[in-house]
**Student:** 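I have a structure here, written as structure tokens, and I will follow up with some questions on it.
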Amino acid sequence: MLKKWISKLKKEQNEEKEDRKEIVQQEGMDEFTAESHEGCEKVWEGEEMLCGEEIDGEKEIEEIPVEKELWPEEEPVREKTGFFAKLKEGLTKTRQGITAKVDQVLKAYKKVDEELFEEIEEILITADVGVSTTMAIIDKLRSQAKERKISEARDLRSLLKEILWETLDLNKSHALHMDPLPAIILVVGVNGVGKTTSIGKLAHKLKSEGKKVLLAAGDTFRAAAIDQLEIWGNRVGVDVIKHQEGSDPAAVIYDAIQAAKARKIDVLICDTAGRLHNKTNLMNELGKVRKIVEREYGEASKEILLVLDATTGQNAIQQAKIFNDAVDVSGIVLTKLDGTAKGGVILGISSELNIPVKLIGVGEGMNDLQEFKPKEFVNALFGEE
Ligand SMILES: Nc1nc2c(ncn2[C@@H]2O[C@H](COP(=O)(O)OP(=O)(O)OP(=O)(O)O)[C@@H](O)[C@H]2O)c(=O)[nH]1
């Protein structure tokens with residue numbers, strides 16, 4: 001058994017390396033090298049940074065007025081009580097892939113034995129939890145079952161639930177770091193993961209909590225990204241600071257910070273480019289943006305949120321490793337948990353990366369971004385209140 005898993009683990013580690021290479025190639029990122037990292041440090045620390053000059057060169061600031069009438073059929077704001085139901089609904093496929101199958105084997109086995117642990121192990125791996133996280137969970141399950149003298153298979157259910165909760169919690173704070181206000185949130189992630197949508201939903205959430213929110217269209221690489229953020233700004237009723245397509249993202253962030261200060265904004269949420277040519281560029285560009293934030297908005301609470309798409313399963317973990325090498329990610333937004341059976345990846349993310357999941361996307365609607373609460377999540381996964 002041990003041999004089987006060691007060879008499986010080795011195989012997965014090799015596959016992970018290949019996956020990582022693939023992501024690097026897909027995203028056009030160079031493999032991370034000491035030189036590229038040094039290069040970034042220079043940009044980050046270098047006195048000769050040209051940000052200020054470039055900003056001065058960027059005169060064309062355009063502010064998008066709020067046009068609420070564009071969205072006559074706005075979603076009704078869901079009652080607070082509906083959030084758990086939505087979470088439960090969103091996790092249907094993951095629940096079918098994990099809990100429903102675990103229930104089936106627990107029923108079939110009756111007594112706790114090694115074969116039963118192997119069955120649960122297989123279920124977790126198939127649900128994209130990842131080999132190393134699965135092994136850690138099963139080891140805990142096995143040893144705690146022994147310690148607590150659990151012999152009936154059905155009694156393993158609550159123990160498994162407890163262990164999954166522990167794996168998701170790990171004593172980290174899952175709340176957004178916004179105290180004291182004002183706060184600035186940089187949102188990073190590759191294209192298509194749901195970055196813009198998450199920014200829009202987050203703006204809506206914060207605004208409905210009574211906060212003054214401003215958006216910055218820092219993804220200047222594509223006109224469509226700026227347009228999409230404008231649409232969300234209009235929909236939610238918050239202003240967006242933008243420049244022209246192709247302009248310097250750091251200049252957009254600079255202007256947005258000045259606007260945020262002038263208007264006494266509580267939370268400034270900044271989009272960033274997702275398509276960057278290589279890792280050095282990613283680090284340089286985000287490093288430059290961070291330098292502006294430190295210099296111009298030192299008093300603000302800061303958060304760097306990485307958006308990951310749950311439907312990409314284990315690939316999301318590889319993306320997180322690459323981004324975390326480039327910038328110090330302080331929290332993860334895991335999108336598209338609804339409609340995927342790969343939601344188990346959240347366990348891998350929580351245990352393999354030292355970054356807390358802070359928000360989860362459970363649908364395309366404006367109210368479908370939720371604060372991540374491990375206990376609620378596990379309850380929803382087990383179909384309980
Ligand atoms: N079902 C579901 N769809 C989502 C969720 N979050 C985002 N999406 C959808 O995912 C698609 C991509 O989202 P975007 O916000 O455009 O992604 P992006 O990362 O900004 O990508 P670019 O605009 O290409 O940079 C859109 O169709 C969104 O509606 C979610 O939590 N659940």
Side-chain angles (χ1 to χ4, degrees), residues 23 26-29 71 73-75 78 82-83 85-95 185-205 215-236 238 240 242 245-246 249 252 269-277 281-282 285-286 289 304-313 315-316 319-320 322-323 327 329 331-343 345-346 349 357-373 377 380:
I23 295 164
Q26 273 169 15
E27 296 301 323
M29 291 175 176
W71 298 88
E73 73 300 295
E74 272 186 11
E75 286 171 69
R78 196 182 299 121
F83 275 83
K86 180 72 198 184
L87 177 62
K88 226 167 143 182
E89 182 194 319
L91 292 181
T92 303
K93 287 197 180 161
T94 299
R95 190 167 49 248
I185 302 174
L186 296 183
V187 185
V188 302
V190 302
N191 289 107
V193 290
K195 206 153 37 80
T196 318
T197 309
S198 298
I199 292 172
K201 290 172 178 174
L202 180 59
H204 170 66
K205 183 177 180 306
L215 302 181
D219 183 355
T220 56
F221 193 76
R222 292 175 318 126
I226 304 171
D227 294 346
Q228 213 197 339
L229 199 70
E230 279 186 71
I231 291 170
W232 269 101
N234 286 329
R235 187 178 191 192
V236 172
V238 302
V240 180
K242 72 163 189 176
E245 181 190 357
V252 180
I269 311 175
C270 308
D271 194 7
T272 62
R275 196 181 312 173
L276 293 147
H277 307 299
N281 278 10
L282 174 73
E285 187 164 323
L286 293 175
V289 167
I304 301 182
L305 292 182
L306 170 65
V307 183
L308 297 172
D309 177 344
T311 65
T312 61
N315 250 344
Q319 272 176 28
I322 291 172
F323 269 89
V327 279
V329 174
I332 283 170
V333 181
L334 190 62
T335 62
K336 309 184 199 180
L337 268 168
D338 56 302
T340 181
K342 296 185 175 185
V345 72
I346 197 166
I349 288 173
V357 176
K358 297 208 166 175
L359 296 163
I360 51 173
V362 290
E364 291 190 87
M366 201 148 55
N367 294 297
D368 294 336
L369 187 72
Q370 302 194 351
E371 281 166 30
F372 177 63
K373 294 184 180 148
F377 188 91

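Start at 1 with the first residue, then count along the sequence. Both counts, for ligands and for their atoms, begin at 1 and track the order of listing. Keep in mind that the numbers below use all heavy atoms, side chains included, and drop hydrogens, waters and symmetry copies.
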**Student:** Backbone N or O of Gly361 within a donor-acceptor pair of the Thr335 side chain at under 3.5 Å?
**Tutor:**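 No: the side chain of Thr335 does not pair with the backbone of Gly361.
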
**Student:** Got the closest protein heavy atom to atom 20 (O) of ligand 1, with its distance?
**Tutor:**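 Minimum-distance protein heavy atom for atom 20 (O) of ligand 1 reads Thr196 OG1, 2.5 Å.
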
**Student:** Counting C-beta onward and ignoring hydrogens, is there a side-chain heavy-atom pair between His204 and Arg235 closer than 4.5 Å?
**Tutor:**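 Sidechains of Arg235 and His204: no contact.
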
**Student:** For Ile360, run the side-chain contact (heavy atoms from CB on, under 4.5 Å) check against Leu91, Leu369, Asp338, Leu87 and tell me which one passes.
**Tutor:**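 With Ile360 as partner, side-chain contact (heavy atoms from CB on, under 4.5 Å) holds for just one option, Leu87.
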
**Student:** In a check of side-chain contact (heavy atoms from CB on, under 4.5 Å) between Leu334 and each of Val362, Asp309, Ile346, which one passes?
**Tutor:**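 Considering Val362, Asp309, Ile346, a side-chain contact (heavy atoms from CB on, under 4.5 Å) with Leu334 is found only for Ile346.
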
**Student:** Consider every N or O of Asn191 and every N or O of ligand 1, then say whether any pair is closer than 3.5 Å.
**Tutor:**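 Among all N and O atoms of Asn191, at least one is under 3.5 Å from an N or O of ligand 1.
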
**Student:** Nearest 0.5 angstrom please: Glu230 CD to Thr196 OG1, how far?
**Tutor:**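 If I round to the nearest 0.5 Å, the distance is 12.0 Å.
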
**Student:** Counting each atom of ligand 1 from 1 as listed, which ones have a heavy atom of Gly361 under 4.0 Å away?
**Tutor:**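 Matching atoms, with element in brackets: 31 (O).
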
**Student:** Is a donor on one side and an acceptor on the other found under 3.5 Å between the side chain of Lys242 and the backbone of Leu215?
**Tutor:**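 No, because the side chain of Lys242 does not come within donor-acceptor range (under 3.5 Å) of the backbone of Leu215.
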
**Student:** How far is atom 23 (O) of ligand 1 from its nearest protein heavy atom, and which residue and atom name does that atom have?
**Tutor:**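 It is Gln228 OE1, 2.9 Å.
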
**Student:** So which bit of Asp338 gets within less than 4.0 Å of ligand 1, heavy atoms only: side chain, backbone, both or neither?
**Tutor:**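 Answer for Asp338: side chain.
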
**Student:** Does any N or O atom in Asp219 lie less than 3.5 angstrom from one in ligand 1, N or O only?
**Tutor:**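 Min N/O separation from ligand 1 is not below 3.5 Å for Asp219.
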
**Student:** Can you name the closest pair of heavy atoms from Gly200 and Val236 and give their distance?
**Tutor:**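 The answer is O-CG2, 3.4 Å.
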
**Student:** In a check of side-chain contact (heavy atoms from CB on, under 4.5 Å) between Asp219 and each of Val187, Leu229, Asn191, which one passes?
**Tutor:**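 Result: among Val187, Leu229, Asn191, Asn191 is the only option passing the side-chain contact (heavy atoms from CB on, under 4.5 Å) with Asp219.
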
**Student:** Where is the tightest heavy-atom contact between Lys336 and Ala310, given as atom of each residue plus distance?
**Tutor:**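 Closest pair (atom of Lys336, atom of Ala310, distance): O-CB, 4.1 Å.
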
**Student:** Heavy atom to atom 7 (C) of ligand 1, shortest distance: which of Leu334, Asp271, Thr197 holds it?
**Tutor:**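 Looking at heavy atoms only, Thr197 sits closest to atom 7 (C) of ligand 1.
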
**Student:** Any side-chain heavy atom of Thr197 sitting closer than 4.5 Å to one from Glu364?
**Tutor:**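 Result no, sub-4.5 Å side-chain heavy-atom pair not found.
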
**Student:** Nearest protein heavy-atom contact for atom 29 (O) of ligand 1: which residue, which atom, what distance?
**Tutor:**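 Checking every protein heavy atom, the shortest distance to atom 29 (O) of ligand 1 gives Glu364 OE1, 2.5 Å.
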
**Student:** For ligand 1, which atoms have a heavy atom of Lys336 less than 4.0 angstrom away?
**Tutor:**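 So the answer, numbered in order with elements, is 2 (C), 3 (N), 4 (C), 5 (C), 8 (N), 10 (O), 30 (C), 31 (O), 32 (N).
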
**Student:** Could you tell me which atoms of ligand 1, counted from 1 in the order shown, lie closer than 4.0 angstrom to a heavy atom of Val362?
**Tutor:**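 Selected atoms, number and element: 31 (O).
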
**Student:** Check each atom of ligand 1 against the heavy atoms of Arg222 and keep those under 4.0 Å away; list them by number with element.
**Tutor:**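 Listed by number with element, the hits are 22 (P), 23 (O), 24 (O), 25 (O).
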
**Student:** Less than 4.5 Å apart, side chain to side chain, heavy atoms only: is that true for Trp232 and Lys201?
**Tutor:**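 In contact.
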
**Student:** Hey, which atoms in ligand 1 end up nearer than 4.0 Å to a heavy atom of Lys201?
**Tutor:**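 By the 4.0 Å cutoff, the relevant atoms are 5 (C), 6 (N), 30 (C), 31 (O).
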
**Student:** Do me a favour and list the nearest non-hydrogen protein atom to atom 18 (P) of ligand 1 with residue, atom name and distance?
**Tutor:**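 Looking at atom 18 (P) of ligand 1, the protein heavy atom closest to it is Lys195 N, 3.3 Å.
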
**Student:** Report yes if Gly192 has an N/O atom closer than 3.5 Å to an N/O atom of ligand 1; otherwise report no.
**Tutor:**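 Yes, at least one N or O pair falls under 3.5 Å.
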
**Student:** Does Thr335, backbone or side chain, put an N or O under 3.5 Å from an N or O of ligand 1?
**Tutor:**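 It does not: no N or O of Thr335 is found under 3.5 Å from an N or O of ligand 1.
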
**Student:** Consider every N or O of Asp368 and every N or O of ligand 1, then say whether any pair is closer than 3.5 Å.
**Tutor:**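 N/O-N/O distance under 3.5 Å: no.
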
**Student:** Could you name the option among Gly194, Gly363, Gly200 that has the heavy atom nearest to atom 30 (C) of ligand 1?
**Tutor:**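 Looking at heavy atoms only, Gly363 sits closest to atom 30 (C) of ligand 1.
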
**Student:** Taking Thr94 for the side chain and Thr340 for the main chain, is one N or O donor matched with an acceptor at less than 3.5 Å?
**Tutor:**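 Yes.
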
**Student:** Short list, please: which atoms of ligand 1 are under 4.0 Å from a heavy atom of Val190?
**Tutor:**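 Numbered from 1, ligand 1 contributes 19 (O).
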
**Student:** Applying a heavy-atom cut-off of 4.0 Å, say which part of Gln370 lies close to ligand 1: side chain, backbone, both or neither.
**Tutor:**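 Gln370 to ligand 1: no contact under 4.0 Å from either part.
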
